Amino acid sequence: MIQTTLACLTRTLFFVMGFQVKVKGKIASLLEAPIFVAAPHSSFFDAIISALTGMPSIVSRAENLSTPVFGTILSSLQPVSVSRQDPDSRKNTVIEITKRALSRGQWPQILIFPEGTCTNRSCLITFKQGAFVPQVPVQPVLLRYPNKLDTVTWTWQGYSLKELCVMTLCQLFTRVEVEFLPVHVPTEEEKNDPFLFANRVRQTMATALNVPVTDHTFEDCRLMISAGQLTLPMEAGLVEFTKISKKLNLKWNHVREQLDTFAAIASASKGGRIGIEEFAEYLKLPISDVLKELFLLFDRNGDGTIDFREYVIGLSILCNPANTEETIRMAFKLFDMDEDGTITEDEFACIIQSALGVPELDVSMLFKEIDADETGKLSYDEFKDFALKHPEYAKLFTTYLELQRYQLDLLEEDDSESPEVKHSPVRKTTIPVSETPIARNKVCPESNEEDNLSTSDKKDD
């Protein structure tokens with residue numbers, strides 16, 4: 001009785017506001033489809049679906065409950081509220097949706113806007129999986145606003161709620177079309193894979209709407225806002241977060257931190273992209289063949305610049321896996337030629353010059369940045385702290401370490417051939433061994449009087 005009364009009042013309210021509602025298709029019963037999934041979600045006026053479907057429970061963000069009039073109506077429908085700030089809210093929401101969907105009539109139908117945020121209806125963004133986890137049939141519901149003047153779209157970069165209400169009330173009438181598509185019954189494959197279930201329902205709805213789909217989500221909107229605050233072009237934050245986070249196991253907060261670093265690098269460039277000059281300046285290294293190769297590993301599309309998406313993927317695939325405790329420890333030992341537990345500027349310069357192939361490279365600025373306590377020597381903790389905060393260097397270190405291992409393998413192969421030389425019938429002239437000592441890492445000659453490396457020393461390195 002209460003739901004029927006609320007449905008009538010809501011329809012009356014929309015009629016008074018000048019809405020002309022056109023309904024297509026058949027509304028599924030509770031037994032046919034416990035869940036309605038509606039898209040595209042573009043306005044608080046989308047609540048008209050609730051009146052048409054008998055006022056079902058609705059999944060809505062907690063902030064909507066405080067909206068005048070509409071918030072009161074929502075609160076009376078036993079809503080499932082989602083808080084975007086609470087890290088456990090989404091998990092609890094999915095549990096509650098599943099419990100209600102499987103209640104066999106004890107709870108009313110549930111209305112869900114699976115996009116999770118408002119868009120401008122030009123495409124369908126990634127569907128959240130909450131509506132599809134319960135493994136029950138869902139009925140897709142389409143929304144259209146075929147008006148010459150758009151006074152309903154409520155996006156994060158548009159008109160406020162009050163402005164939209166005033167503009168809509170100033171219209172003689174506002175058209176809205178609501179179409180109920182046939183119920184989508186999940187296959188066994190879709191029941192076992194909510195992501196697949198969601199994507200197939202989204203594609204069905206996009207085809208009916210004649211709009212494209214995109215892998216962007218609300219998290220991309222948050223990154224766009226952050227990019228604008230960092231004086232980057234707002235589109236720099238578009239990284240298809242859900243797609244890459246699933247493949248690379250990334251968290252939003254981590255990607256947000258990487259956006260700060262990216263903004264610091266790209267601040268000198270126009271267009272919010274990193275060129276080879278900005279890349280070299282950030283690393284405090286000259287443009288060399290080695291640096292160009294590293295840059296190309298980040299520049300996935302080969303356009304000569306690195307956008308934020310390429311930067312995130314590059315760090316995740318190339319740098320972070322290489323930036324392990326073991327790699328950092330090996331790199332430190334490589335720099336620490338005299339094995340005294342610290343790295344001097346000369347030792348640091350020797351390896352960097354050799355790794356980049358630039359003998360005259362001045363690394364004093366880079367060394368000073370790492371030398372936090374300004375002692376003129378780098379401790380392991382200083383070196384590790386810098387490496388963890390600047391994972392871009394990890395690929396340079398690992399590439400150089402691989403080269404060192406390759407050279408050592410070649411030397412060991414030469415040593416293994418020496419017994420054959422002894423048994424050779426040809427008598428060879430003895431060549432005196434050079435008396436110049438060789439450094440432990442085979443990069444720079446040392447001036448101390450030590451014996452040459454033995455085979456065991458090479459293996460230890």
Side-chain angles (χ1 to χ4, degrees), residues 1-61 64-65 67-80 97 100-101 105 107-116 118-119 121 124 127 130-131 136-147 150-154 164-165 168-169 171 173-184 201-202 204-206 208-209 211:
M1 180 66 181
I2 295 177
Q3 287 181 312
T4 303
T5 303
L6 284 174
C8 292
L9 289 175
T10 304
R11 288 193 181 196
T12 303
L13 177 63
F14 274 94
F15 177 78
V16 171
M17 294 177 67
F19 279 84
Q20 295 182 352
V21 184
K22 182 178 181 181
V23 180
K24 298 180 180 179
K26 178 185 176 183
I27 302 175
S29 67
L30 173 59
L31 295 179
E32 291 174 321
I35 297 177
F36 296 111
V37 287
H41 185 28
S42 61
S43 175
F44 49 88
F45 291 125
D46 295 345
I48 185 63
I49 297 177
S50 296
L52 299 175
T53 54
M55 305 305 285
S57 296
I58 189 169
V59 177
S60 176
R61 62 175 183 157
N64 289 342
L65 300 180
T67 304
V69 183
F70 291 101
T72 304
I73 296 174
L74 283 177
S75 299
S76 65
L77 300 178
Q78 298 176 303
V80 180
I97 291 172
R100 297 190 185 191
W107 286 90
Q109 287 170 289
I110 307 172
L111 172 61
I112 299 176
F113 295 92
E115 292 176 294
C118 290
T119 69
R121 300 187 299 279
L124 292 184
F127 280 8
V136 298
V138 301
Q139 181 172 34
V141 184
L142 307 181
L143 280 158
R144 300 182 182 91
Y145 292 91
N147 302 291
D150 182 8
T151 62
V152 300
T153 300
W154 188 34
L164 287 177
C165 286
T168 302
L169 290 171
Q171 304 300 310
F173 55 84
T174 302
R175 296 188 180 92
V176 56
E177 294 180 1
V178 182
E179 181 177 358
F180 294 87
L181 297 181
V183 173
H184 186 113
V201 172
R202 180 176 66 147
T204 298
M205 299 174 75
L209 291 165
V211 297

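Remember, predicted model here, so these are calculated numbers, not experimental data. Side-chain atoms are counted along with the backbone in the values below, which use heavy atoms only and exclude waters and symmetry mates.
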Participant: Using the salt bridge (charged side-chain N to carboxylate O under 4.0 Å, His left out) criterion, which residues pair with D46? Sequence neighbours excluded.
Facilitator: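 Partners of D46 under the salt bridge (charged side-chain N to carboxylate O under 4.0 Å, His left out) test: none.
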Participant: Quick one: pull up OG1 in T119 and CG in L124 and give me the separation to the nearest 0.5 Å.
Facilitator: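 So the gap between those two atoms works out to 7.5 Å.
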Participant: Can you measure from CG (L52) to CD1 (I27) and round to the nearest 0.5 angstrom?
Facilitator: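 It is 6.0 Å, given to the nearest 0.5 Å.
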Participant: Which residues pass the side chain to side chain contact (heavy atoms under 4.5 Å, CB included) test with V183, sequence neighbours left out?
Facilitator: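 Partners of V183 under the side chain to side chain contact (heavy atoms under 4.5 Å, CB included) test: A28, A33, P137, Q139, V185.
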Participant: Identify all side-chain donor-acceptor contacts of residues 7-18 below 3.5 Å with residues at least two apart in sequence or on another chain.
Facilitator:
{"from": "T10", "atom 1": "OG1", "to": "L6", "atom 2": "O", "distance (Å)": "2.7"}
{"from": "T12", "atom 1": "OG1", "to": "C8", "atom 2": "O", "distance (Å)": "2.8"}

Participant: Taking the side chain as everything from C-beta on, heavy atoms only, tell me whether S50 gets closer than 4.5 Å to L111.
Facilitator: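 Contact flag for S50/L111 side chains = yes.
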Participant: How long is the span from the CZ atom in F113 to the NE2 atom in H41, to the nearest 0.5 Å?
Facilitator: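 The NE2 atom of H41 is 5.0 Å from CZ of F113, to the nearest 0.5 Å.
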Participant: Atom CD1 in I48, atom OG in S43: separation rounded to 0.5 Å?
Facilitator: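 It is 11.5 Å, given to the nearest 0.5 Å.
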Participant: Without swapping roles, check the side chain of S42 against the backbone of T153 for a donor-acceptor pair under 3.5 Å.
Facilitator: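 Such a contact is absent between S42 side chain and T153 backbone.
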Participant: Can you tell me how far the CD atom of E115 sits from the CZ atom of F127, to the nearest 0.5 Å?
Facilitator: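 One gets 5.5 Å once the value is rounded to the nearest 0.5 Å.
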Participant: Should F44 and C165 count as side-chain neighbours, where that means a heavy-atom distance under 4.5 Å?
Facilitator: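 Side-chain contact under 4.5 Å: yes.
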Participant: Just verifying a value: how many Å separate I58 CD1 and I110 CD1, rounded to the nearest 0.5 Å?
Facilitator: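 If I round to the nearest 0.5 Å, the distance is 11.0 Å.
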Participant: Could you go step by step and tell me if T53 and F36 meet the side-chain contact (heavy atoms from CB on, under 4.5 Å) rule?
Facilitator: CA-CA 9 Å; T53 54; F36 296 111; 3.8 Å; yes
Participant: Answer yes or no: is there a side-chain heavy-atom contact under 4.5 Å between T174 and V176?
Facilitator: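 No - every pair of side-chain heavy atoms lies 4.5 Å or more apart.
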Participant: Counting only heavy atoms from other residues, nucleotides and ligands, does the tally under 6.0 Å from CZ of R144 exceed 12?
Facilitator: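 Atom CZ in R144 is packed in, count exceeds 12.
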